[in-house]
Amino acid sequence: MTDGPKTEEGRPRRRNMRAADREQAILEEAVRFFAEHGFEGQTRELAKRMGISHPAIYRHFPSKEALVERVYEHVYLSRWQPAWGPLVQDRSLSLEARLTRFYLEYVERVFDYEWVRIFVFSGLKSFDITGRYLAIVREQIIEPACRELRHELGLPPEAERPLQERETEMFWGLHGRIFYLAIRRFVYATPTPALLDDVVRDAVEGFFAGARVLMTGLAVDRG
């Protein structure tokens with residue numbers, strides 16, 4: 001007795017599924033497919049891989065762009081924690097403690113093969129997943145962290161002195177340092193520490209050792 005028809009990858013062909021289940025199955029397979037092949041991957045190949053007809057995809061997603069949009073919502077928006085923005089502004093903790101906690105949680109949530117590779121592929125194509133996601137990071141993490149560091153150091157607030165590019169670039173540098181671990185692991189496939197907690201703590205501690213001095217110097221330069 002056979003197990004029934006299979007796809008080329010050896011997975012059972014999907015038959016007699018409810019519409020909602022079929023749509024979710026297409027979405028989840030699309031995440032894996034785009035993570036492996038980038039957004040140049042064709043929906044016809046995705047359908048073949050799933051063992052369904054090409055038109056079946058478009059019964060659930062009217063265009064490839066609509067499918068990519070759902071991938072963005074599924075992979076990115078679902079992993080962003082609403083509590084992270086308020087955490088950065090919680091003055092009951094030092095800013096160093098806040099950012100340490102944020103990056104420990106961030107690494108736990110987003111250091112994932114599919115997340116990282118889709119992020120990189122998006123940056124190389126016209127789908128604006130990367131730009132939209134980084135706008136969230138800027139608005140909820142980078143710029144608030146600049147304001148909070150000013151507050152800790154007793155420097156003028158943004159209402160008196162607009163944020164400088166050099167201030168925001170300091171915090172982008174910290175963000176990039178931590179995210180580069182994911183690039184090394186999931187894009188370059190080079191060794192990274194199995195446990196990243198201490199690496200994250202070191203990165204934040206090292207950042208603040210220099211950031212406090214630099215931020216004060218920037219305030220003096222503009223004084």
Check step by step if salt bridge (charged side-chain N to carboxylate O under 4.0 Å, His left out) holds for Arg32 and Glu29.
CA-CA 5 Å; Arg32 290 187 284 268; Glu29 192 63 35; 2.8 Å; yes

Stepwise side-chain contact (heavy atoms from CB on, under 4.5 Å) check, Ile52 with Ile26:
CA-CA 10 Å; Ile52 62 176; Ile26 293 171; 4.1 Å; yes

Apply salt bridge (charged side-chain N to carboxylate O under 4.0 Å, His left out) to residues Glu23 and Arg59 and explain how you reach the verdict.
CA-CA 9 Å; Glu23 181 174 309; Arg59 283 197 289 271; over 6 Å; no

Test salt bridge (charged side-chain N to carboxylate O under 4.0 Å, His left out) applied to Glu28 and Arg70, step by step:
CA-CA 10 Å; Glu28 292 175 357; Arg70 284 290 302 281; over 6 Å; no

For a side-chain contact (heavy atoms from CB on, under 4.5 Å) check, start with the C-alpha distance between Val116 and Arg185, then their side-chain angles and the critical distance, and finish with the verdict.
CA-CA 9 Å; Val116 173; Arg185 179 178 292 183; over 6 Å; no

Residue pair Glu108, Arg79: steps toward the salt bridge (charged side-chain N to carboxylate O under 4.0 Å, His left out) verdict
CA-CA 10 Å; Glu108 182 69 24; Arg79 296 195 185 197; over 6 Å; no

For side-chain contact (heavy atoms from CB on, under 4.5 Å), just list the numbers for His74 and Gln24, CA-CA rounded to whole Å, side-chain angles, deciding distance to a tenth of an Å, and then say yes or no.
CA-CA 10 Å; His74 182 73; Gln24 185 65 25; 3.7 Å; yes

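Considering all non-hydrogen atoms of both residues, Ile118 and Phe34 come closest at CG1-C, 4.2 Å. Taking both residues in full, the closest heavy atoms of Glu96 and Arg212 are given as OE1-NH2, 3.3 Å, listed atom of the first, atom of the second, then distance. Among all heavy-atom pairs drawn from Thr43 and Ile57, the shortest one is O-CD1, 3.4 Å. Taking both residues in full, the closest heavy atoms of Pro144 and Gln89 are given as CB-CG, 4.2 Å, listed atom of the first, atom of the second, then distance. Summarising the geometry of Ala203 relative to Leu174, their closest heavy-atom pair is O-CD1, 3.7 Å, with the distance given to 0.1 Å. Summarising the geometry of Val88 relative to Arg98, their closest heavy-atom pair is O-NH1, 2.6 Å, with the distance given to 0.1 Å.
With rounding to the nearest 0.5 angstrom, the CZ atom of Arg138 is 8.5 Å from the SG atom of Cys146. With values rounded to the nearest 0.5 angstrom, Leu87 atom CG is found 8.0 Å from Leu99 atom CG. Interatomic distance, OG1 of Thr190 versus CG of Leu181, reported as 9.5 Å (0.5 Å rounding). Within the model, atoms CD of Glu160 and CG of Leu155 stand 11.0 Å from one another, a figure rounded to the nearest 0.5 Å.
Atom CD of Glu73 has more than 12 heavy atoms from other residues, nucleotides or ligands within 6.0 Å.
A cation-pi arrangement is present between Arg132 and Tyr72 under the rule of less than 6.0 angstrom and at most 45 degrees off the ring axis.
No donor-acceptor contact under 3.5 angstrom links the side chains of Arg184 and Tyr180, judged on distance only. Counted by atom type alone, Glu105 and Trp84 present one or more donor-acceptor pairs between their side chains at under 3.5 Å. Counted by atom type alone, Thr100 and Arg201 present zero donor-acceptor pairs between their side chains at under 3.5 Å. Of the N and O atoms on the side chains of Ser122 and Tyr133, not one donor lies less than 3.5 Å from an acceptor on the other residue. Arg91 and His151 share a side-chain donor-acceptor pair at under 3.5 Å.
The ring of Phe179 has its center closer than 6.0 angstrom to the ring center of Phe119. Annotation: Phe171 is in aromatic contact with Phe207 [ring centroid separation under 6.0 Å].
The shortest distance between side-chain heavy atoms of Leu163 and Glu143 falls below 4.5 Å. Side-chain atoms of Val199 and Ile178, non-hydrogen and from C-beta on, never get closer than 4.5 Å to each other. The closest side-chain heavy-atom distance from Pro157 to Arg147 is not below 4.5 Å. Residues Gln164 and Glu169 form no side-chain contact, since every pair of their non-hydrogen atoms from C-beta on lies 4.5 Å or further apart. Under the 4.5 Å side-chain criterion, counting only non-hydrogen atoms from C-beta, Ile141 is not in contact with Ile136.
No salt bridge links Arg117 with Glu36; every basic N to acidic carboxylate O contact stays at or beyond 4.0 Å.
Connection of Val213 to Leu149 is not established within any shared hydrophobic cluster, with ILVMFWY side chains joined at heavy-atom distances below 4.5 Å, either directly or through further cluster members. Follow the hydrophobic side-chain contacts under 4.5 Å out from Leu195 and you never reach Val107; the two are in separate clusters.
Aromatic ring pairs are classed by plane angle as parallel below 30°, tilted from 30° to 60° and perpendicular above 60°; the pair Phe102 and His175 is parallel. In this structure, Trp80 and Tyr106 have perpendicular ring planes: the angle between them is above 60°, well past the 30° mark.
Between the side chain of Tyr76 and the main chain of Trp115, a donor-acceptor pair closer than 3.5 Å is present. In terms of modelled atom types and a separation under 3.5 Å, the side chain of Lys64 and the main chain of Phe39 share a donor-acceptor contact.
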